[in-house]
> 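The structure that follows is given in the form of structure tokens.
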Amino acid sequence: MEVSTEILYNNNNKNITTNINNTINNNNENKNKDENWVKIDQSEAPNKFIQYVDEASKQDQIIAHTRYSTRQLYLQPGQKVMDCGCGAGKDLGRLESIVEGDGIVVGMDISREMVECAKSRMSHLPNVKIFIGDASRIPIDDNYFDAIRCERLLQHVINPDLVIGEMTRVIKSGGRIVITDADWSSTSVSIPKNIEEINKKILNDVVFNAHPTIGLHLRGRMAKNPQLENLEIFAQCLYTDSLAMADEFVWLGERGKMACAQKLITEDEYNFWRETLERMDEEGSFVFTMNIFTVSASKK
């Protein structure tokens with residue numbers, strides 16, 4: 001569904017809000033026809049994903065990176081901004097505090113459970129609108145938003161270039177697009193030689209998203225879009241010396257279990273790997289690192 005241009009570009013926020021609400025209602029009515037969100041909501045307990053995002057967002061390194069990506073949006077009071085793949089809405093309140101009451105914040109996610117959680121959390125902010133939608137088919141007309149962002153979304157989608165194109169389409173000329181994602185191939189752990197092969201299979205061979213190296217190639221993908229200019233890249237090495245933090249932060253333990261489930265390693269190999277990491281953690285020799293990237297640009 002496309003939103004009426006006649007109302008969408010009206011400066012009256014009441015009309016704009018009504019139009020966004022129509023988009024929300026139409027998308028929610030059609031949600032049972034969309035198999036993608038069903039797969040996400042049924043793949044694992046959605047609350048587990050919500051808890052993971054919440055815990056990761058509390059880390060100082062993620063907070064600093066998110067602050068940078070937010071600044072790159074160049075937002076001003078009264079503007080309209082979209083969080084594409086907003087999840088449980090962790091960043092919607094921050095965006096609303098910048099655009100203030102006269103601005104509009106739109107959050108979209110393909111997971112019904114995520115959207116319901118985000119709606120509950122943002123219910124006190126009437127200018128924050130959240131709906132179910134597919135990032136490869138954003139149901140908004142061209143040139144609407146002043147800025148758009150996504151964080152750790154592209155690693156999961158089928159066609160990242162299509163999503164970048166859609167995000168670009170819905171922002172105005174001069175509008176900002178800011179994308180953050182990880183390079184899971186850069187994951188490293190300070191392990192001894194006797195578990196190197198097991199560790200390599202767990203960190204490099206386990207399949208748990210569509211594009212594990214997307215962060216590293218993000219600038220190149222955005223550079224291919226002829227409508228984008230003035231690209232800037234910011235890279236950060238995330239690290240922790242706590243095994244518990246690595247388990248919460250990047251699901252290190254879960255990735256080991258996935259390696260067993262995918263028959264990349266045996267249960268005995270997993271147990272040996274895990275016991276070694278726990279011993280290193282007790283000794284104070286455990287270190288985990290991974291790179292994350294943010295690329296920002298303006299629309300011509």
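Heavy-atom basis, side chains included; hydrogens, waters and symmetry copies ignored.
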> May I ask you to list the residues sharing a hydrophobic cluster with Phe234, side-chain cutoff 4.5 Å, ordered by chain and number?
Tyr68
> Rounded to the nearest 0.5 Å, what separates atom OG1 in Thr180 from atom CG in Leu154?
9.5 Å
> Treating Glu269 as the side-chain partner and Thr266 as the backbone partner, does any N or O pair qualify as donor plus acceptor under 3.5 Å?
yes
> Is it true that atom CD of Glu267 has more than 12 heavy atoms of other residues, nucleotides or ligands lying nearer than 6.0 Å?
no
> Just jot down the salt bridge (charged side-chain N to carboxylate O under 4.0 Å, His left out) partners of Asp161, sequence neighbours excluded, or say none.
Arg221, Lys224
> Minimum heavy-atom separation for Gly165 and Asn225, please, with both atom names.
CA-ND2, 3.8 Å
> List for me each residue that meets side chain to side chain donor-acceptor pair (under 3.5 Å) alongside Lys172, sequence neighbours excluded, and say none if there are none.
Asp146
> Side-chain donor-acceptor pairs under 3.5 Å in residues 192-210, sequence neighbours left out?
unit_1 : atom_1 : unit_2 : atom_2 : d
Asn199 : OD1    : Trp273 : NE1    : 2.9
Asn209 : ND2    : Gln155 : OE1    : 2.8

> May I ask you to test the Leu277-Phe286 pair for a side-chain heavy-atom distance under 4.5 Å?
yes
> Are the side chain of Lys299 and the backbone N or O of Leu228 linked by a donor-acceptor pair below 3.5 Å?
no
> Which residues pass the side chain to side chain donor-acceptor pair (under 3.5 Å) test with Ser188, sequence neighbours left out?
Thr289
> Is the backbone of Leu73 close enough, under 3.5 Å, to the side chain of Ser296 for a donor and an acceptor to pair up by distance?
no
> Given side chains that start at C-beta, do those of Lys119 and Phe131 come closer than 4.5 Å, heavy atoms only?
no
> May I ask whether Ile171 and Tyr74 are part of the same hydrophobic cluster, defined by side-chain heavy atoms of I, L, V, M, F, W, Y residues being less than 4.5 angstrom apart, directly or through others?
no
> Please examine the side chains of Phe288 and Val250, heavy atoms only from C-beta on, and report whether any two atoms are closer than 4.5 Å.
yes
> Once rounded to the nearest 0.5 Å, what's the spacing between atom CG of Leu238 and atom CG of Asp60?
11.5 Å
> Quick one: side-chain contact (heavy atoms from CB on, under 4.5 Å) partners of Lys257, sequence neighbours excluded?
Glu254, Tyr270
> How close do Ile292 and Asp181 get, counting heavy atoms only, and between which atoms?
CG1-O, 3.4 Å
> Please name all residues satisfying side chain to side chain donor-acceptor pair (under 3.5 Å) with His65, sequence neighbours left out, ordered by chain then number.
Gln236, Thr294
> Side-chain contact, heavy-atom cut-off 4.5 Å: Ser136 with Asn159?
no
> By side chain to side chain donor-acceptor pair (under 3.5 Å), which residues pair with Arg219, not counting sequence neighbours?
none
> So, taking the atom named CD in Gln227 and the one named CD1 in Ile177, what distance separates them when rounded to the nearest 0.5 Å?
10.0 Å
> Listed by chain and number, what are the side-chain contact (heavy atoms from CB on, under 4.5 Å) partners of Glu166, not counting sequence neighbours?
Ile138, Arg169
> When you measure from the side chain of Thr213 to the backbone of Leu216, do you find a donor-acceptor pair of N or O atoms at a distance under 3.5 Å?
no
> Going by ring-ring contact (aromatic ring centres under 6.0 Å, His included), name the residues that satisfy it together with Phe272, two or more places apart in sequence or in a different chain.
none
> For Glu116 and Ser120: C-alpha separation, side-chain torsions, deciding distance, then whether side-chain contact (heavy atoms from CB on, under 4.5 Å) applies.
CA-CA 6 Å; Glu116 292 304 318; Ser120 176; over 6 Å; no
> Do Val99 and Val105 touch side chain to side chain, with heavy atoms closer than 4.5 Å?
yes
> Ile191 and Val287: same hydrophobic cluster, using ILVMFWY side-chain contacts below 4.5 Å?
no
> Is the closest basic N to carboxylate O distance between Asp83 and Arg149 below 4.0 Å?
yes
> Just wondering, do Met280 and Thr276 contact through their side chains at under 4.5 Å, heavy atoms?
yes
> Could you state whether Ile148 and Ile233 fall into the same hydrophobic cluster, counting links through intermediate Ile, Leu, Val, Met, Phe, Trp or Tyr residues with side-chain heavy atoms under 4.5 angstrom apart?
yes
> Taking it one step at a time, do Ile130 and Met108 satisfy side-chain contact (heavy atoms from CB on, under 4.5 Å)?
CA-CA 6 Å; Ile130 307 159; Met108 185 185 76; over 6 Å; no
> Any idea which heavy atoms bring Ala118 and Leu92 closest together, and the distance?
CB-CD1, 4.5 Å
> Please tell me if the side chains of Glu232 and Gln72 come closer than 4.5 Å, counting only heavy atoms from C-beta onward.
yes
> Just by distance, do the side chain of Gln79 and the backbone of Ala147 share a donor-acceptor pair under 3.5 Å?
no
> Backbone N or O of Val157 within a donor-acceptor pair of the His211 side chain at under 3.5 Å?
yes
> Kindly give the heavy-atom pair with the smallest separation between Asp241 and Asp281, and that separation in Å.
O-OD1, 3.8 Å
> Does any N or O in the side chain of Lys300 come within less than 3.5 Å of the main-chain N or O of Ser173, such that one atom is a donor and the other an acceptor?
no
> What distance separates Arg255 CZ from Leu264 CG, expressed to the nearest 0.5 Å?
12.0 Å
> Minimum heavy-atom separation for Ala297 and Leu231, please, with both atom names.
CB-CD1, 3.8 Å
> With side-chain contact (heavy atoms from CB on, under 4.5 Å) as the criterion, how do Asn143 and Asp141 come out once you've worked through the C-alpha distance, each side chain's angles and the decisive distance to 0.1 Å?
CA-CA 7 Å; Asn143 309 313; Asp141 274 357; over 6 Å; no
> Would you indicate whether the side-chain heavy atoms of Leu153 and Cys84 approach each other to under 4.5 Å?
yes
> Considering residues at least two apart in sequence or located in another chain, which fulfil the side-chain contact (heavy atoms from CB on, under 4.5 Å) criterion with Glu278?
Leu243, Arg274
> Do the side chain of Thr66 and the main chain of Ile62 share a donor and acceptor less than 3.5 angstrom apart?
yes
> Going from CD1 on Ile110 to CG on Asp134, what distance comes out if it is rounded to the nearest 0.5 angstrom?
4.0 Å
> Once salt bridge (charged side-chain N to carboxylate O under 4.0 Å, His left out) is applied, do any residues pair with Arg94, and if so which ones, sequence neighbours excluded?
Asp91
> Going from CD on Gln61 to CE on Met245, what distance comes out if it is rounded to the nearest 0.5 angstrom?
9.0 Å
> Please name the pair of heavy atoms, one in Ser97 and one in Glu100, separated by the smallest distance, quoted to 0.1 Å.
O-CG, 3.8 Å
> Any donor-acceptor pair under 3.5 Å linking the side chain of Thr187 with the backbone of Trp184?
yes
> Tell me if a side-chain donor or acceptor on Asp109 pairs with a main-chain N or O of Gly87 at a distance below 3.5 Å.
yes
